**Q** 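My questions all concern the structure below.
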Amino acid sequence: MTTGTTSSAPDTGEDTGAPKAGGGRRTRTPAATATGRPTRRLVIVESGTKAAKIQKYLGKDYVVEASVGHIRDLPRGAADVPAKHKGEAWARLGVDVDNSFAPLYIITPEKRSKVAELREALKSVDELLLATDPDREGEAIAWHLLDTLKPKIPVRRMVFHEISEPAIRAAVENLRDLDQDMVDAQETRRILDRLYGYEVSPVLWKKVMPKLSAGRVQSVATRIVVARERERMAFVSASYWDIAAQMDAGAEATPRQFGSRLVAIDGTRVATGRDFGPDGRLKSDAASTDAKNGAVALDEAGARRLAEALQGRDLTVESVESKPYTRKPYAPFMTSTLQQEAGRKLRFSADRTMRSAQRLYENGYITYLRTDSTTLSPSAIDAARNQARELYGDAYVPAQPRQYTRKVKNAQEAHEAIRPAGDVFRTPGEIAREVDGDDFRLYELIWQRTVASQMADARGTTMSIRIAGTAATGEAVTFATSGRTITFPGFLKAYVETVDDQAGGEADDAESRLPELTKGQAVTAASLTPEGHSTNPPSRFTEPSLIKQLEDLGIGRPSTYASIIKTIQDRGYVWKKGQALVPSWIAFAVVGLLEHHFGRLVDYDFTAAMEDELDAIAAGTQGRTHWLSGFYFGGDQGSEGSVARAGGLKKLVGVNLEEIDAREINSVPVFDDVVVRVGRYGPYLERIRDGASQRANLPEDLPPDELTREVAEQLFSVPQEGRSLGVDPISGHEIVAKEGRYGPYVTELLPEPEAPPVVEGAKPKKAPAKPKPRTGSLFKGMSTETITLEEALRLLSLPRLVGADPESGEEITAQNGRYGPYLKKGTDSRSLTDEEQLFTVTLEEAVEIYKQPKQRGRRTAAATPPLRELGEDVNSKKPMVIKDGRFGPYVTDGETNASLRKGDSVEQITDERASELLAERRAKAPAPKKAPARKPAARKPAAKKPAAKRAPAKKAPVEK
DNA sequence: CAGTGAGCGAGCTTCCGCTTGACTT
């Protein structure tokens with residue numbers, strides 16, 4: 001660890017130096033202490049279930065506890081930052097970027113009690129063994145434990161890759177020291193992710209929409225989904241024809257008939273779907289005249305003519321080729337493949353799979369569920385082989401055990417594969433009484449896959465047959481077919497992987513039998529059917545296929561695949577249509593912004609490059625600070641890692657921010673002059689026609705690739721959206737209920753004014769002022785779904801004239817406004833308490849109301865009573881109270897007000913905490929408010945938003 | 001994307017990876 005780059009949590013108390021793990025001490029075996037009792041050791045692992053198991057193996061001289069994951073992290077937000085660092089410029093990030101990227105670590109609030117427990121446990125032992133997972137995160141957790149607990153006894157690192165008695169015993173005998181370089185690598189990863197996430201997300205808030213997010217993993221995941229949708233949108237379907245022929249091999253053959261397809265005419269291949277590009281045309285190599293690759297597309301007329309000309313013609317077997325077919329079993333499950341198969345076979349979401357697997361793990365049915373390894377322990381291999389032998393016989397078990405060493409990109413392989421627990425696997429039948437539902441089905445899947453992984457290859461034969469003939473019109477034609485027979489099923493008897501629905505592959509156990517044919521043999525065509533086909537766009541990603549894609553790119557970890565899917569849905573980037581993941585228009589805008597302005601950060605190989613460089617840090621050949629500096633501040637080009645780039649992230653989110661045109665970012669070109677614009681209130685269509693902007697609403701559930709010209713035209717042609725409530729019997733206008741900027745409202749559709757006659761050469765006359773339709777906001781409790789025509793007409797009747805003020809003669813009206821119902825007399829207004837009063841209040845009552853002074857604050861009778869009274873503020877010595885305000889509860893001493901933060905509650909807040917909030921608020925108050933730098937007449941003043949009160953502090957406000 | 005009248009404290013949103021328990025309805 002680079003000296004001075006890590007500040008420990010302020011609340012870890014005493015600052016005595018933590019002993020270095022191991023520190024050169026070699027305490028291999030528990031030696032007897034001076035008092036003669038055996039050495040007691042505390043072992044800390046990550047998972048509680050693991051702790052219980054290991055405790056059993058190690059016995060009473062050991063105390064095994066679980067840290068339950070990480071115990072410290074960077075602060076999530078301002079609320080988590082300890083008072084000591086509150087004011088720091090870097091507090092928002094939790095990383096002091098100007099001081100060697102020193103991280104600020106705090107004990108995760110939920111883990112405070114856990115840390116206390118561990119401290120307690122430490123008191124009664126002589127030695128500490130940090131037995132967190134043997135990967136980057138585990139090494140970091142071990143270091144955090146050391147740095148937080150600051151034990152005064154010897155500390156050593158213990159690692160194991162499987163939970164079995166021999167493995168644990170061996171681990172205790174082979175302790176090592178903490179690997180500080182690896183800890184550095186983890187910290188670098190953590191800081192990079194924080195800087196990326198917390199610097200880029202605010203750019204999205206400013207340019208697209210608040211609460212959006214960007215991150216190394218989620219942004220690439222979103223981009224993948226968007227990229228696929230773009231392909232689908234750009235896709236041009238091609239149609240092509242061929243001829244399906246049912247061949248007849250004669251009465252002796254079995255099967256007598258078999259299907260085949262026209263593949264060549266006069267030696268030139270007939271084009272199939274694969275020969276067409278996404279533009280709907282033959283790919284250039286297919287269209288070339290090169291005899292080897294050349295292909296010709298057959299159209300309907302050609303196919304029909306040829307089928308006709310082949311009627312009754314002699315056909316001969318031209319070639320018969322058979323090749324042996326073998327298939328190896330699939331590797332045992334790891335997290336990603338389990339999620340994929342449970343998704344395909346059981347239709348479980350990744351999240352559902354993990355919840356079920358967690359239960360199975362906790363109850364001792366399976367091994368650890370978050371793993372990127374396909375390795376089985378020796379005892380598990382034995383168990384699988386024994387089970388296979390029992391169930392299927394010796395022939396199904398190969399002589400040598402199978403080892404699966406296929407490495408996944410960036411794998412850390414801290415655990416075994418996911419498999420049934422124990423040295424003897426329980427069959428699904430054996431656990432059926434104890435486990436049911438999802439858990440049973442998932443266990444069965446895991447059990448089958450594990451057993452199958454130690455079984456013999458499937459064997460069979462693949463046969464290819466070509467049949468030739470000549471059409472009456474002279475063309476030489478070739479038909480082809482292929483078949484597969486499985487002579488020995490091997491592992492397929494136990495487990496067949498499911499093919500992704502939409503990918504259109506063929507399952508490994510698919511069989512199609514062909515008769516025994518010999519070259520030169522005559523066959524006849526029982527039927528010749530011209531068939532039309534069309535090419536399809538690449539299918540959308542599903543949860544399983546997206547996880548596969550991320551895994552192939554080395555993005556995300558076993559513990560995060562399920563949450564990645566959740567995050568991109570929660571942010572509104574992706575929604576599920578059945579199994580398919582469909583990107584939203586917001587995702588198009590966000591991905592577009594990232595691609596244009598943060599291209600490197602959403603590169604598909606960004607993570608891969610990062611991993612290489614983290615490996616270099618872990619190996620001690622690359623400096624953490626230097627590398628982060630390159631990433632954040634930019635650096636001397638060339639010498640930095642590939643993740644670093646000239647300019648650096650800081651500049652990209654700072655100075656370069658102004659270059660990002662929000663309007664352009666939020667306009668997604670669809671076709672011609674039509675764009676989808678992502679607005680504050682959702683996406684809508686826009687195009688310029690005759691110099692005027694034409695807009696149309698986009699239905700929420702319309703997938704982007706279904707927005708065709710026809711659909712767009714139809715949307716534009718709908719004059720108004722909104723639910724029609726019927727016709728106003730008085731005016732004859734149609735009344736509709738709509739969702740507007742300020743919420744739901746009703747309005748009337750006015751008939752189009754007659755177009756004035758166009759006079760050639762005459763100056764276009766100024767159009768007469770358009771009559772404005774009446775509008776009215778819905779009352780609370782009404783909805784556009786349920787409102788009736790009667791209610792709507794009542795709303796449109798407002799404002800209501802109550803009468804004239806007897807004193808001044810001014811008109812008093814009752815109307816519904818932004819803050820609810822109110823009376824209006826000139827510029828003087830009074831709020832009403834009830835919307836119904838708009839229709840019922842009499843002139844006398846109104847006059848009475850106007851006699852009352854204008855109320856401040858809430859529209860309740862007396863001054864708002866405080867929610868709670870507190871003691872005296874330590875600073876101002878004034879009594880404090882909690883009040884309810886526009887932004888929720890706040891504390892005030894009469895002068896200073898401060899909102900309660902997340903985590904504060906009205907009932908439980910203490911005087912100390914309240915004083916602290918007030919003090920913080922006062923500290924901020926005298927912030928010099930810069931006058932908004934206004935460029936006079938440089939640009940049109942933006943329309944004032946109702947909520948926009950203060951001038952935006954930064955430049956480049958959202959322009960829509 | 002409708003247009004209507006006050007005045008009161010802004011503060012927060014967000015990342016990725018480790019782990020699961022625990023407020024109540």
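Chain A is the first sequence line, chain B the second, and so forth, proteins listed ahead of strands; every chain is numbered from 1. Here the structure is a predicted model, which is why all the values come from computation and not from measurement.
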**Q** Please compare A:N816 and A:R194 by the position of their nearest nucleotide in DNA chain B and report the one closer to 5'.
**A**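 Comparing both residues, the 5'-ward one is A:N816.
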**Q** Taking only residues two or more places apart in sequence or in another chain, which ones pass side chain to side chain contact (heavy atoms under 4.5 Å, CB included) with A:N410?
**A**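 Scan of A:N410 (side chain to side chain contact (heavy atoms under 4.5 Å, CB included), adjacent residues dropped) gives A:T607, A:E611.
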**Q** Within 45 degrees of the ring normal and closer than 6.0 Å to the centroid, is that where the cationic atom of A:R687 sits relative to A:F716?
**A** yes
**Q** A:V881: what forms a side chain to side chain contact (heavy atoms under 4.5 Å, CB included) with it, not counting sequence neighbours?
**A** A:P866, A:E869, A:K883, A:T892
**Q** Can we say A:E137 and A:R189 salt-bridge, meaning some charged N sits less than 4.0 Å from an Asp/Glu carboxylate O?
**A** yes
**Q** So is the aromatic ring of A:Y196 stacked onto the base of B:dC15, judging by whether the centres are under 5.5 Å apart and the planes are under 30° apart?
**A** no
**Q** Any side-chain N or O of A:R557 under 4.0 Å from OP1/OP2 of B:dC16?
**A**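 Indeed not, no polar side-chain atom of A:R557 lies that close.
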**Q** Considering every strand and a 4.0 Å limit on heavy-atom distances, what is the contact class for A:S213: base, sugar-phosphate, or nothing?
**A** sugar-phosphate
**Q** Name all residues meeting the side chain to side chain contact (heavy atoms under 4.5 Å, CB included) criterion together with A:S201; count only those two or more places apart in sequence or in a different chain, and write none if there are none.
**A**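 Scan of A:S201 (side chain to side chain contact (heavy atoms under 4.5 Å, CB included), adjacent residues dropped) gives A:W205, A:S213, A:A214.
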**Q** OP1 or OP2 of B:dC16 sitting under 4.0 Å from any side-chain N/O of A:T560?
**A** no
**Q** Kindly determine whether A:R370 and A:D372 satisfy salt bridge (Lys or Arg N to Asp or Glu O under 4.0 Å), including the steps that lead there.
**A** CA-CA 7 Å; A:R370 290 178 275 269; A:D372 53 16; over 6 Å; no
**Q** Does A:R571 reach a base, just sugar-phosphate, or nothing at all? Heavy atoms under 4.0 Å.
**A**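 The residue A:R571 makes sugar-phosphate contact but no base contact.
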**Q** Which nucleotide in the list B:dC15, B:dG17, B:dT14 gets nearest to the side chain of A:V217?
**A** B:dG17
**Q** Answer yes or no for this row: A:Y198 ring on B:dC15 base, centroids under 5.5 Å, planes under 30°.
**A** no
**Q** Give the B/S/- string for nucleotides 19-25 of chain B, one per nucleotide from 5' to 3', where a protein heavy atom under 4.0 Å of the base yields B, of only the sugar-phosphate yields S, and otherwise -.
**A** BS-----
**Q** Is the closest side-chain donor-acceptor distance between A:S667 and A:R677 under 3.5 Å?
**A** yes
**Q** Does B:dG17 have OP1 or OP2 under 4.0 Å away from a side-chain N or O of A:R216?
**A**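 Checking A:R216 against B:dG17: at least one side-chain N or O falls below 4.0 Å of OP1 or OP2.
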**Q** Establish, with yes or no, whether the OP1 or OP2 oxygen of B:dC15 is under 4.0 angstrom from a side-chain nitrogen or oxygen of A:Q218.
**A**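 For A:Q218, the contact criterion (side-chain N or O under 4.0 Å from OP1 or OP2 of B:dC15) is met.
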**Q** Report the residue (A:G817 or A:D135) whose heavy-atom-nearest nucleotide on DNA chain B is the more 5′ of the two.
**A**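 On the 5' side of the pair lies A:G817.
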**Q** Looking at every strand, decide which applies to A:S563 at a 4.0 Å heavy-atom threshold: base, sugar-phosphate, or nothing.
**A**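 Here A:S563 touches no strand at all.
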**Q** The criterion is ring-ring contact (aromatic ring centres under 6.0 Å, His included); which residues satisfy it with A:Y196, sequence neighbours excluded?
**A** none
**Q** Taking only side-chain N and O atoms of A:R92, does any of them lie within less than 4.0 angstrom of OP1 or OP2 on B:dC15?
**A** no
**Q** Is it true that A:D873 and A:K878 have a side-chain N and a carboxylate O under 4.0 angstrom from each other?
**A** no
**Q** Can A:Y890 be said to stack with the base of B:dG9, given centres closer than 5.5 angstrom and planes under 30 degrees apart?
**A**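 Answer is no, no stack.
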**Q** What dot-bracket string describes DNA chain B from 5' to 3', counting Watson-Crick and G-U wobble pairs whose defining distances are under 3.5 Å, with [ ] for crossing pairs and | for pairs to another strand?
**A** .........................
